[in-house]
Amino acid sequence: MVRLRGNREYDYRQGWVLNEDAPAGSVEAKAEYIDNGTALLSPERYFDPAFMQREWDGLWAKTWLMAGRVSDIASPGDFMRFDIGTESILIIRGTTGEIKAMYNVCQHRGARLVDADFGNMSAIRCPYHSWAWKIDGTIAHVTDRETYRPEVLEGSLDLPQVRHAQWGGYVFVCLDENAPPLEQYLGVLPEHLAAYRLEDMITVKDVEVEWPANWKTVADAFLESYHVHVVHKEILPFFDDYHQQWDLYENGVSRMLMMFASVSPRHSDHTSVNPFLAGLLQEAGIDPAAFDKQAGDVREAIQRAKREMPERLGPCADEFSQNQLTDDWNYHVFPNVTFNLHPEGALVQRFRPHPSDPQKMIYDVTVLVHPITDPSIRLPGYMGVEDGTDLTGAVRPERRYSTYADGGVGPVLEQDGTMVPHVQAGMHSRGFRGARLSEQEQRVRHYHAEIDRYLNGEKW
Ligand code: FES
Ligand SMILES: [Fe+2]
């Protein structure tokens, strides 16, 4: 049962609750409100180079960062590169199968060793003067060693190792030796996302694009649905952008539970089965022409249909709550990743800071799905996967490098892309007093508060 806005009163401590019957302590249960205050967000944090430097020292160098998929380095010698700010990390599968992460920097004069994003190597060789390392990072070759005075080569010449750990089929890295273990850092996430089995999903889309805005300007846009009725109004016939369950957790983690196949209260027609709802019915195997009910019945009909087709929903379909079968559960993995989770798969967004310009960022969009081998099964359109994409897992799509002008991340995300530079530009205005956040945007306030705790040295 969903409590509708009716008399338009909103109790911020209570919020909207999508399932009043969810048992206390269950994944779907409403979390207790965390009060992050009411202060305005200062604009400087979105463009000031000094703030960017504070973030580098206090945030990026201290937190666990999602680097890449374990499945992309499946065989000995496979590697992937992960760049964050001014750092570059090399993650390699060793000859005996173990994973190592190390700084991607030559110990001779500092050249970056590996330029490719992915590949396979039997040794790491510097492209400048050909020093070389084994793939576990131990030094293997110093060119013309006899021409060095011995003192110069004192100390370790191995590549410095970086902490790493895995969750959900991802390798995470952390540049800080004192950070708590990944498991502790992730808080509720492993339990909350267990049913989706991210580790069993395959990559079916992978796009990297630079956007002209601070990484937080972009992250903010994906942590609220307040803008949907203007920027994405075409989705209102099947997306309730208003009654959402916003939950805040420790460590900057948050979520919003968003009803799909449910008409927005801002949309005019709540009765007829509009073409979007009809499309969702069709994708769930229900003939819309034979559906003799109303718009308000569609969501439940799809939930029932999906429950009867567990083979479409991955290996743990039984573990999903009724709402999870239709809805989009968006989680924020602090500091810079969001998952839009559907039973069929996940849209994963990562927001990386530009190495030098606080007004640019690198936006990574990937889509993961549970493999589909039956050609008669169609992936729902909301997964944003192009027709003709291999869904069996036989082919891992190449990473596409797109430009802001060329788009390439899909129509809805590109609508956000057209908005963020305008926000970035406005931040500089002397006439802007700072961001005033509604409770619909409480997740934005929540992670900014966590960033401040890092920058103020309150974490570790
Ligand atoms: S900088 Fe790498 S061998 Fe010289
Ligand atoms: Fe958006």
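No experiment lies behind these values; they were computed from the predicted model shown. All residue numbers refer to positions in the sequence shown, counting from 1. Counting convention: from 1, in listed order, for ligands and their atoms alike. Side chains included, hydrogens not; waters and symmetry mates left out as well; all remaining heavy atoms used.
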- salt bridge (charged side-chain N to carboxylate O under 4.0 Å, His left out) filter on K30, not counting sequence neighbours, yields D247

- Task: Please check if the distance between the ring centroids of W60 and W215 is under 6.0 Å.
- Result: yes

- Query: Any side-chain heavy-atom pair from L198 and F339 closer than 4.5 angstrom?
  - Reply: yes

- Task: Compare all side-chain heavy atoms of H354 with those of E210 and state whether any distance is below 4.5 angstrom.
- Result: yes

- Selection residues 139-151 - residue pairs positive for salt bridge (Lys or Arg N to Asp or Glu O under 4.0 Å), sequence neighbours left out: none

- Among the protein atoms near the Fe ion (ligand 2), how many are N, O or S and lie under 2.8 Å away? 4

- Item | Parallel, tilted or perpendicular: rings of F334 and Y185 (30°, 60°) | tilted

- Message: Side chains of L65 and F82, heavy atoms from C-beta outward: is any pair under 4.5 Å?
- Response: yes

- E283 and I302, any side-chain heavy atoms less than 4.5 Å apart: no

- Number of protein N/O/S atoms that sit closer than 2.8 Å to atom 2 (Fe) of ligand 1: 2

- Taking side chain as C-beta onward, heavy atoms only, is L113 less than 4.5 Å from R125? no

